[in-house]
S.K.: 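The structure under discussion is supplied below as structure tokens; questions concerning it will follow.
Computed from a predicted structure; not experimentally measured.
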Amino acid sequence: MIFGKKIKELREERRLLQRHLCAALEIDTPMYSKIERGERKAKRSQIPIMANLFEVDEKELLTI
């Protein structure tokens with residue numbers, strides 16, 4: 001499974017809106033949307049923030 005698809009599933013499972021992730025990651029909604037669609041890569045510094053919000057281990061998030 002690609003990273004973008006997995007973070008979208010995790011976000012939806014936890015009923016988070018894209019704007020919540022955007023605020024935490026300090027990026028705009030179009031940028032986050034591109035990450036979910038696989039058009040852009042997440043920055044390494046954003047991975048721990050996403051893992052925390054999704055309540056998963058960073059390694060688990062990266063090995064998906």
Side-chain angles (χ1 to χ4, degrees):
M1 178 178 294
I2 63 170
F3 180 77
K5 185 175 179 182
K6 184 60 179 179
I7 63 171
K8 181 176 182 178
E9 285 182 4
L10 289 169
R11 179 179 59 78
E12 290 174 344
E13 285 173 8
R14 282 141 181 89
R15 297 186 176 150
L16 296 169
L17 299 175
Q18 283 187 348
R19 67 177 180 221
H20 294 131
L21 276 284
C22 295
L25 298 171
E26 298 179 357
I27 59 175
D28 59 17
T29 305
M31 178 71 73
Y32 181 79
S33 182
K34 287 180 182 181
I35 294 170
E36 278 194 357
R37 291 192 313 262
E39 295 174 9
R40 287 193 73 114
K41 291 184 179 182
K43 293 181 181 178
R44 185 170 296 279
S45 62
Q46 294 170 330
I47 301 300
I49 298 167
M50 284 193 264
N52 184 48
L53 289 169
F54 297 142
E55 300 173 343
V56 296
D57 185 71
E58 286 179 47
K59 289 181 182 178
E60 180 184 343
L61 191 62
L62 292 172
T63 56
I64 295 167

S.K.: Tell me which pairs pass salt bridge (charged side-chain N to carboxylate O under 4.0 Å, His left out) where either residue lies in residues 41-51, with sequence neighbours left out.
M.R.: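 For residues 41-51, and leaving out neighbouring residues, there are no salt bridge (charged side-chain N to carboxylate O under 4.0 Å, His left out) pairs at all.
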S.K.: To check you understand the geometry: which heavy-atom pair defines the closest contact between Phe54 and Ile7, and what is its length?
M.R.: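 Taking Phe54 first and Ile7 second, the nearest heavy atoms are CZ-O, 3.6 Å.
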S.K.: Looking at every non-hydrogen atom in both residues, tell me the closest pair between Pro48 and Ser45 and how far apart they are.
M.R.: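 Smallest interatomic distance, heavy atoms only, reads CD-O, 3.5 Å.
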S.K.: Side-chain contact test, heavy atoms from C-beta onward, threshold under 4.5 Å: evaluate it for Leu53 versus Leu10 and give yes or no.
M.R.: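 Of all side-chain heavy-atom pairs linking Leu10 with Leu53, none is under 4.5 Å.
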S.K.: Donor-acceptor pairs under 3.5 angstrom involving side-chain atoms of residues 18-29: please list them, not counting sequence neighbours.
M.R.:
| residue | atom | partner | partner atom | Å |
| --- | --- | --- | --- | --- |
| Gln18 | NE2 | Glu36 | OE1 | 3.1 |
| His20 | ND1 | Leu17 | N | 3.2 |
| Asp28 | OD1 | Met31 | N | 3.0 |

S.K.: With sequence neighbours left out, write down each residue that passes side chain to side chain contact (heavy atoms under 4.5 Å, CB included) with Ala42, or none if nothing qualifies.
M.R.: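 In terms of side chain to side chain contact (heavy atoms under 4.5 Å, CB included), with neighbours along the sequence ignored, Ala42 is linked to Phe3, Ile35, Gln46, Ile47, Met50.
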S.K.: Which distance, rounded to the nearest 0.5 Å, do you find between the CD of Glu13 and the CD of Glu55?
M.R.: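 It comes to 11.5 Å.
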